[in-house]
Colleague: 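One structure, as structure tokens, below. Some questions next.
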Amino acid sequence: MSSEEDRLNLEPESNLRSHCGVVAHLQLLETGEVRLILDDVCSQTNDSPTVWEFHWPFTRHDFPGKEFLACELSAKQLAEIGLNLVSRLTALTTKKQQ
């Protein structure tokens with residue numbers, strides 16, 4: 001297997017999961033744009049940390065629909081999405097540890 005194939009292996013290593021996370025979803029708008037929505041989710045039980053419940057809206061951003069759906073966003077747009085996701089996951093993780 002190449003290093004890229006190793007990196008793309010998304011098989012779960014264990015059943016251990018954080019009790020908080022971020023869910024991403026899309027909304028197709030009548031304007032032709034696509035709205036990317038990131039919401040915080042949390043598990044209410046230690047027994048099943050992969051059963052999520054909506055916790056808090058985090059952010060949303062509208063993108064040109066054709067560009068988004070064709071995966072043709074700019075490097076800056078992709079970096080902003082990634083930064084939002086990583087910063088929110090960091091905030092949720094460090095909040096739980098405090």
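We use all heavy atoms of the structure for the numbers below, so side chains are in, but hydrogens, waters and symmetry mates are not.
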Colleague: Shortest non-hydrogen contact from Val34 to Gly65?
Modeller: CG2-CA, 3.5 Å
Colleague: Heavy-atom distance under 4.5 Å between the side chains of Val22 and Asp40, does that happen here?
Modeller: yes
Colleague: Treating Glu67 as the side-chain partner and Pro64 as the backbone partner, does any N or O pair qualify as donor plus acceptor under 3.5 Å?
Modeller: no
Colleague: So how far is it from Arg88 CZ to Leu83 CG, rounded to the nearest 0.5 Å?
Modeller: 13.0 Å
Colleague: Does Asn84 offer a backbone N or O that forms a donor-acceptor pair with the side chain of Ser87 under 3.5 Å?
Modeller: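 Yes; at least one donor-acceptor contact below 3.5 Å.
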Colleague: Hydrophobic cluster membership, with links at side-chain heavy-atom distances under 4.5 Å among I/L/V/M/F/W/Y: are Val86 and Leu73 in one?
Modeller: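 No, it is not one cluster - the side chains of Val86 and Leu73 are not joined through contacts under 4.5 Å.
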Colleague: Measuring only between side-chain heavy atoms, which start at C-beta, is Leu26 closer than 4.5 Å to Phe63?
Modeller: no
Colleague: Which heavy-atom pair separates Leu38 from Leu85 by the least distance, and what is that distance?
Modeller: CD1-N, 4.5 Å
Colleague: Measure the spacing between CG of Leu92 and SG of Cys42 and express it to the nearest 0.5 Å.
Modeller: 6.5 Å
Colleague: Please determine whether residues Leu28 and Phe68 belong to a single hydrophobic cluster, defined as Ile, Leu, Val, Met, Phe, Trp and Tyr linked transitively by side-chain heavy-atom distances below 4.5 Å.
Modeller: yes
Colleague: Going from NE2 on His61 to CD on Glu33, what distance comes out if it is rounded to the nearest 0.5 angstrom?
Modeller: 8.5 Å
Colleague: Testing the basics here: between Leu36 and Ala24, what is the closest heavy-atom pair and its distance to 0.1 Å?
Modeller: CD1-CB, 4.3 Å
Colleague: Are Val41 and Ile37 connected in a single hydrophobic cluster, I mean Ile/Leu/Val/Met/Phe/Trp/Tyr linked by side-chain heavy atoms less than 4.5 Å apart?
Modeller: no
Colleague: Would you say Leu29 and Gln27 make side-chain contact, with heavy atoms under 4.5 Å?
Modeller: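 Of all side-chain heavy-atom pairs linking Gln27 with Leu29, at least one is under 4.5 Å.
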